[in-house]
Amino acid sequence: MALIVQKFGGTSVGTPERIKNVAARVAKFLTRGDQLVVVVSAISGETNRLLALAKEVQPEPDPRELDVVLATGEQVTIGLLCMALLERGVQARSYNGAQVRILTDNAHTKARILKIDEQRMRADLAAGRVVVVAGFQGVDAEGNVTTLGRGGSDTTGVALAAALKADECQIYTDVDGVYTTDPRIVPEARRLKSVTFEEMLEMASLGSKVLQIRSVEFAGKYKVPLRVLSSFQDEGEGTLITFEDDAKMEQAVISGIAFNRDEAKITVMGVPDRPGIAYAILGPIGDANIDVDMIIQNAGVDGMTDFSFTVHRNEYQKALEVLNKQVKSHIKASDIRGDPKICKVSMVGVGMRTHAGIASRMFRTLSEEGINIQMISTSEIKISVVIDEKYMELAVRALHKTFELDQPA
Ligand code: ADP
Ligand code: ASP
Ligand code: MG
């Protein structure tokens, strides 16, 4: 007998029929004698609909009230799934985040999970019930409803698995695992049998939305056995997220390509090349709570230099405002330029540690396609470039081909 946490994403609960299919799958695991905790997302499109609705009423919605609205999507699906289970004669009970007591901090719309009470879930499991929990939501110490950021149901699933010390956390979605890149962009993309936790963390943080990054962080911290599977297939092993020590690694140098259109580039031109400049520029940006991703400062010429960095596209206008109001005249910059139409394309693989020449092959491929690289950043297991957004798909396809990611390792 195993304790399994299963999470079903929005498409997987997208229609009454699909909700019944989820119930059938759950019932199948029960007949094997497993205990099940099931986390569900809102019906696909619902969270977007709620967000648009909120913005119609208040263009910049109050974060506390926005969470109250957004959290309703998942409340619908937990109830419906329990009905589908009861209809099959399976005992089940639904809980929203506050009822379980998924305690979070109070950072509305991007709250972090601090603690999970397991008592109630354990009691239900012991009584032979399936526990169905709303993803994406929690409650802060004052009792306010919070949400965990887009894609946050993954994190609910993994966090519950960690709290319950589940034997496995299964993330059911509309693809049958983690692929070498988004199969919607590259049809030749190949499913990975396994991917290391480190690689998954990079891929998620660099834009592969198949798993929310915080869910991967949780899995790493608590060593949760995590698997991504299709909710539309009855069989299939999906992709297992492994921890390098116990991993039987597929010996690929590159595991995957991630991409992200969510960033914007800002360049502060003609700033004096002297100590304190990075701080003078990024200090006010940080004070305005704007996260910075890539940063480039060129070697100075005649005591002057340019300073570029990227921010999330949602915060682009705010960042420009901060720079124009608080920084430009203060440091005597000649100009501030911005470009919101960029994207970041990244190659990820633990094999890069032991293989040289990956970067040059990547740059060569992009040059052969006539794609200009605007920024580069590297770590031990990834190389990222910033390019014009309009070349994103071309770049991803070309790199996928050059590195033969469609071929088994
Ligand atoms: P869910 O609603 O089940 O949470 P998501 O839409 O959040 O599903 O995530 C699944 C989607 O992630 C897939 O449909 C796919 O388009 C996208 N995706 C991006 N990168 C990858 C990748 N490397 N492997 C698999 N899917 C990916
Ligand atoms: N429903 C939420 C969203 O669309 C959470 C999730 O699906 O994981 O972001
Ligand atoms: Mg998701």
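Computed from a predicted model, the values in this text were never measured in an experiment.
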Using only atom types and a distance under 3.5 Å, with no angle test, would you say the side chain of Thr239 pairs donor to acceptor with the backbone of Val178?
yes

Lys265 charged N/C atom sitting above Phe309 aromatic ring, 6.0 Å / 45°
no

Report, as yes or no, whether the 6.0 Å neighbourhood of atom CD on Glu60 holds more than 12 heavy atoms from other residues, nucleotides or ligands.
no

Contact summary for Ala333 and Val271, nearest pair of heavy atoms
CB-CG1, 3.7 Å

Rounded to the nearest 0.5 Å, what's the gap from CG on Leu30 to CG on Leu85? Could you check?
8.0 Å

Is there a donor in the side chain of Thr365 and an acceptor in the side chain of Thr402, or the other way round, less than 3.5 Å apart?
yes

Is the NZ or CZ atom of Arg361 both under 6.0 Å from the centre of the six-membered ring of Phe403 and within 45° of that ring's axis?
yes

Can Glu263 and Lys344 be counted as an ion pair, charged N to O under 4.0 angstrom?
yes

Between Thr104 and Gly138, the two heavy atoms sitting closest are CG2-CA, 3.9 Å

Listed by chain and number, what are the ring-ring contact (aromatic ring centres under 6.0 Å, His included) partners of Phe307, not counting sequence neighbours?
none

Between Arg214 and Ala111 the two heavy atoms that sit nearest each other are NH1-O, 3.0 Å

Are Asp335 and Arg337 ion-paired here, with the side-chain N under 4.0 Å from a carboxylate O?
yes

Decide whether Thr147 and His108 meet the rule of one side-chain donor and one side-chain acceptor closer than 3.5 Å.
no

Please determine whether a side-chain nitrogen of the Lys or Arg among Arg353 and Glu198 lies less than 4.0 Å from a carboxylate oxygen of the Asp or Glu.
yes

OH of Tyr391: more than 12 outside heavy atoms within 6.0 angstrom?
no

Is any NZ, NE, NH1 or NH2 atom of the basic residue among Lys341 and Asp388 found under 4.0 Å from an Asp or Glu carboxylate oxygen of the other?
no

Check whether any side-chain heavy atom of Asp176 lies under 4.5 Å from a side-chain heavy atom of Arg191, and answer yes or no.
yes

Would you name the heavy atoms of Ala219 and Val158 that are closest together and state the gap between them?
N-CG1, 3.6 Å

Taking all non-hydrogen atoms of both residues into account, name the closest pair between Asp339 and Tyr316 and its distance.
N-OH, 3.4 Å

Charged N to carboxylate O under 4.0 angstrom, Glu46 versus Arg49?
yes

Provide the closest heavy-atom pair for Val40 versus Ser153 in the form atom of the first, atom of the second, distance.
O-OG, 4.1 Å

Within this structure, what is the CG-CD1 distance for the pair Leu201 and Ile213, rounded to the nearest 0.5 Å?
5.0 Å

Between Asn48 and Arg150, do the side chains contain a donor N or O and an acceptor N or O under 3.5 Å apart?
yes

Using 0.5 Å steps for rounding, measure from the CD1 atom of Ile387 to the CD1 atom of Ile371.
5.0 Å

Can you tell whether the side chains of Arg32 and Asp34 come within less than 4.0 Å, N to carboxylate O?
yes

Any salt bridge between Arg112 and Asp105, counting N to O under 4.0 Å?
no

Is any side-chain N of the basic residue among Asp117 and Lys115 closer than 4.0 Å to the acidic one's carboxylate O?
yes

So Leu366 and Val385, side-chain contact (heavy atoms from CB on, under 4.5 Å) or not? Walk me through it.
CA-CA 10 Å; Leu366 295 174; Val385 295; 3.9 Å; yes

Between the side chains of Arg313 and Glu389, is the shortest nitrogen-to-carboxylate-oxygen separation below 4.0 Å, so that they form an ion pair?
yes

